[in-house]
Structures are given as C-alpha cells and as structure tokens.
Amino acid sequence: MGMGEPGRALLVICGHRGNRGAPWADLGAVEEIPGACEFPERLVRLLRSHPADRGVLALCGVWALPEDVRVALRGAGKDPEAFFALDPWSGQDSEAGAERAALLIRAALARVRVWPGTVPANLAPYLPERLSRRTLLRFPPVAYRVVPRVERDRCRAADGCAACEGSCPVDALRVAEGRVVLDRTKCTGCAACVEACPHEAVVFPGYMGEEVAAHVEALLDPTVGPPGPRGIVYVCAGVPWDPSWDARWLPVPVACVSSLPVSWILAPLLRGASSVAVAPCACKRGEGARGVLEARLEFCRAYLGGLGLGERRIHGALLSVAPHEEPALPRCGDGEGTLFGTGPEAASRVLRLLADVAGRAAWVEHPASPLGLVEIDAGTCTGCGMCAARCPTDALSFVQDGEAVLRWDPARCTGCGQCTGVCPEIERGAIRARRAVDVAELRRGVRTVYREEVVRCVACGAPVAPRRMLERVTGLLGEDGRAWEEVLSWYCSECRALRGRGVGLEPEAGA
C-alpha cells in the first residue's frame, strides 16, 4: 500500500510505563492503553479506529508487531509496516533509563514519519504461525511481509550489471533477459541486495537510507536525551535488545546487520556518535553473509586508523563496555547529500568527509572496500571504449569525436572488475582494477585517463577509429595489415562498403 501525504504519527504507550514522567506529551498523538502488552485486543481496537496511518508502539517486551495486530491493521486498510514496535525500557529501570526511553521513542517516531510506503511488489504473503481463534474468524488468516523490489528505470541489468544477484545468500534473485527477477517465496528480507546495488535501484520500505538517517539523527540530537558520549548500535529488526548493553548504546534496527553498507557504519561518526557498533546477527535472515560484515568492519577500522581517527570507534559484539570515551568528531555533512545512501557515491562522500575531518589523506586497499581504483596504461590502451560500455556505475565514460577520450570517476567506481573482463588488451596490461580507497583521487574528482586523436573518413568526415587502434589492428594483421592499412585508415566502414572492396581502394579525386 503506497503512502500519500503522511498523517500525524500515533504513539501508543503501555500503561505500565506511561507514568514514569517521561515527556510524552510533545511526541505526537499519544494514547496510553493500560495492559496493552497483555491484552492485544485493546490495542487492535485502537489501531483500527484511530485516523493515524503510521505510529510507534512502545510496549513491554515487544520487538515486532504481533501477528494479530498486523492482520487487523491490514483489515482496516492500514499498512502494518508503517507501525514500529519496540520496548524502549528494556534493561533500564532508573530515571536515566526513562530519559533514554524517551529518546528512543523520539527516534522511532522520526523514522516512521519518513517511511516511504509499500506497493504490491513489496509484499509476500504468508500464513501467520500464531493467531487467536477470534482473529481467525474475523479476518483472513493471511499476512504479508515486506520484501525488496527493483526500480527498473534505475536498474542497469540490461547493461550487464548483476551485483544484486551475486549478493543474495538464498538465490532469490536472478537476472534474466536484462531484468532482475525476485522470487518472493525465497526472499528472507536480509537486504543484501539493497547494499549491493550500485545504483540504489532496490527499494526496501522500512530499511531505506532516509529512514535510517532520520532514526540516527534523532538519537544523536544534542538538545535532547542524556548527556555524555552516545554510541549507535545496529541490531537486527525484531530481535530483543540485550539488557546487559551499556545504556549509552542507542539501537537502530535494520533488516539484518549482515547487510550493513560501509556508509551506514561510518556515517554516524560524522553526525555526533562517539562510536558505532554492530550487534551479533540473531535473525538468520542473512545467514551465510556474516563473513562479509566482518570484512566491512575490518575495512572501517583500517580506514579510521589510516586517518588517525581511532580504530576503536568501531565495535563488534562487545557492547557491555561504554562507547568510545574520546570526544565525538566534529558534526559535518550538512548540505553534502545523504550520508546514508547505499551506492558508491554515498560511500565516497562519507569517506571523503572523514578525511577532511582528519585533515589528511588515506590509501587503503581491502577486499571489502566499497570503492575501487582503475588504472589505465595510456601507452597500451587503444581507445576502443569497451570498458566504459561495460561499466555498471558509469565510473568510466567514453566519447569519440575529434578525439577519443576515456574518463574515470573515483566516486562511482566500486572496483567490480567488469571493465577488465572485456578489455581486448588486458594481457598487455592496458587496464587494472582493485578494491581500494584513495582519498587523493576522491578529492581530484573526474579525470581523463586516456586521450587519442581520432582518424576521420576522407569521404564523409565520420570518425573511423583512434589512431592507436588502427596501428594495433594493422600490426596484428602482419603482412596483410600493411596492404590493408590505407583502406582501414581512409574510410569509415560504411563508405568502405559503398566505394569498393579489397586492398588498394583509392580515395576519389578531390575527396
């Protein structure tokens, strides 16, 4: 169900907790329901009758919407995915815990207010495991879970990109006839394809960059909440938070932590977080991809260490310790575009800003680098442009007019290597690609890596080919090449076919 203009978000507070003195009144349309966590039918009645089209349910021991509530919401014409459930008091019984709970609720409300809505392509039907007899009789016993969808106008599968297909741990994605096909019955909703797509063409409502950005920004708002360092910890959606965590770790649920992009791991450091952590994956949605996350965390530590900003700002599973005690980095990134995108340009933005904060450059080669480096040997390249035609992110671009010009954009390059696979001069070292970040290159921006004169047809003036390519082709032809050299260099292919065949074709007088 798509969403129009967002309405006012509803906040439901469990009656057990509503009297703790936290500032609920300014958070939205607040409803306090005694026993909401024990008697879900009271919650169902409220949600069905209330005009709000989205909201936050702050209930004891609740980490995901109960099946009865999801079915009831859909029966009332509302999308259950627009309602966020959490237990903000988990493991916190002190007055400071109540202040922290208010901050977590504020952040959840900020998130649902920018929720983009779902369309039928995002929904996969399933039979709920548990339903009450009353619900079974009143509503169809079919529920829906959200899965990603592909925006075809942004997808580059027709150009040979298959990054999403290779990332899926359950083989739910395949590229067929230039289109991405998702098997919604297989999809576990781990969001690995969202992270892998370099064009941000995969849309997964509930776990998009703008939603995570709103959540993180609210948690790090310095004007509200408890004082002192704050750490962001990413957790798998629907999994209870460990009460042994230090209270200064502020959780941000994502589809599955195994699919976190590097930009999401590092961006909170630019918005006021002293540290970022990733809780152990416990949802099994991304099973088989956890080694990928460990590699990304290693890259983030290596990059921060290379900049002198402190590897210890990135934590793994040890969350019983407090966030990094060193001062947070200067808050920056405003006006730079989103820091929570999933494509290479968002990653390059975050990495460059961190280097700007450090006042130095870094060069890090790592298999989990979100960016890549392409090196062109201009003395060996013949300017055929095949590498640019195959590049799925347009990091390489080629134009041929008076000159053949190949340009490379380091902010778009992922080091995927598709360009090297089609280069006819790869054996001679014309091109090389690797997974690495070079801040100096990011700061230089787009640059020309190859330039060559283009020979033009003596008959029509159309471009024939770069001069070096003609020399290479005739050289490969050996003895025959010398005989064909004039034919190949005088005319374009169309004029060559019109004016004659064979060796010794001469240009017309006055041509």
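Here the side chain of R349 pairs a donor or acceptor atom with the backbone of T338 at under 3.5 angstrom. The backbone N or O of G61 lies less than 3.5 Å from a partner atom in the side chain of D87, making a donor-acceptor pair. Distance alone, capped at 3.5 Å, is enough to place a donor-acceptor pair between the N122 side chain and the V147 backbone. With E151 contributing its side chain and A201 its backbone, the two residues share no donor-acceptor pair below 3.5 Å. Within the 3.5 Å criterion, the main-chain N or O of L123 finds a donor-acceptor partner in the side chain of R184. Side chain of K78 to main chain of L47: a donor-acceptor pair is present (N/O by atom type, distance under 3.5 Å, no hydrogens or angles). Between the E211 side chain and the W115 main chain, no donor and acceptor come within less than 3.5 Å of each other. Remark: the backbone N or O of D394 is not paired with any side-chain donor or acceptor of S397 at under 3.5 angstrom. Of the possible donor and acceptor atoms, one in the side chain of S263 sits under 3.5 Å from a partner among the backbone N and O of G341. Judged purely by atom type and a 3.5 angstrom limit, R230 has no side-chain atom pairing as donor or acceptor with the backbone of L250.
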Going through the checks in order, is the side chain to side chain contact (heavy atoms under 4.5 Å, CB included) test met by L266 and L304?
CA-CA 9 Å; L266 292 174; L304 291 175; 4.0 Å; yes
Go through it in stages, so that I can follow the logic: the residues are L371 and L351, the test is side chain to side chain contact (heavy atoms under 4.5 Å, CB included), and I'd like the CA-CA distance, side-chain angles, deciding distance and then a yes or no.
CA-CA 10 Å; L371 300 180; L351 295 171; 3.8 Å; yes
Candidate pair F299 and V364, rule side chain to side chain contact (heavy atoms under 4.5 Å, CB included), full reasoning:
CA-CA 8 Å; F299 166 80; V364 177; 4.0 Å; yes
List the steps, then state whether side chain to side chain contact (heavy atoms under 4.5 Å, CB included) holds for E365 with D438.
CA-CA 8 Å; E365 184 169 7; D438 186 345; over 6 Å; no
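Taken to the nearest 0.5 Å, the CG atom of L173 stands 10.0 Å off from the NZ atom of K186. Here CG of L339 is found 11.0 Å from CG of L269. Values are rounded to the nearest 0.5 Å. With rounding to the nearest 0.5 Å, the separation of OG1 in T393 from CZ in R156 is 8.0 Å.
Taking the charged nitrogens against the carboxylate oxygens, R390 and D159 have no contact shorter than 4.0 Å, which rules out a salt bridge. Here R412 pairs with E345 in a salt bridge; the nearest charged N to carboxylate O distance falls below 4.0 Å. Ion pairing of R145 with E81 is absent here, as no side-chain N (NZ or NE/NH1/NH2) approaches a carboxylate O to less than 4.0 Å. D79 and R74 are joined by a salt bridge, as a carboxylate oxygen and a charged side-chain nitrogen come within less than 4.0 angstrom of each other. Using a 4.0 Å cut-off between charged nitrogen and carboxylate oxygen, E298 and R296 do not count as a salt-bridge pair.
Results of the salt bridge (Lys or Arg N to Asp or Glu O under 4.0 Å) test with E217 over R113, R331, R111 single out R331 as the only residue that passes.
In summary, the aromatic rings of W241 and W249 are positioned with their centroids too far apart to meet the 6.0 Å limit.
Heavy-atom minimum distance, A362 versus Y303: CB-CE1, 4.2 Å.
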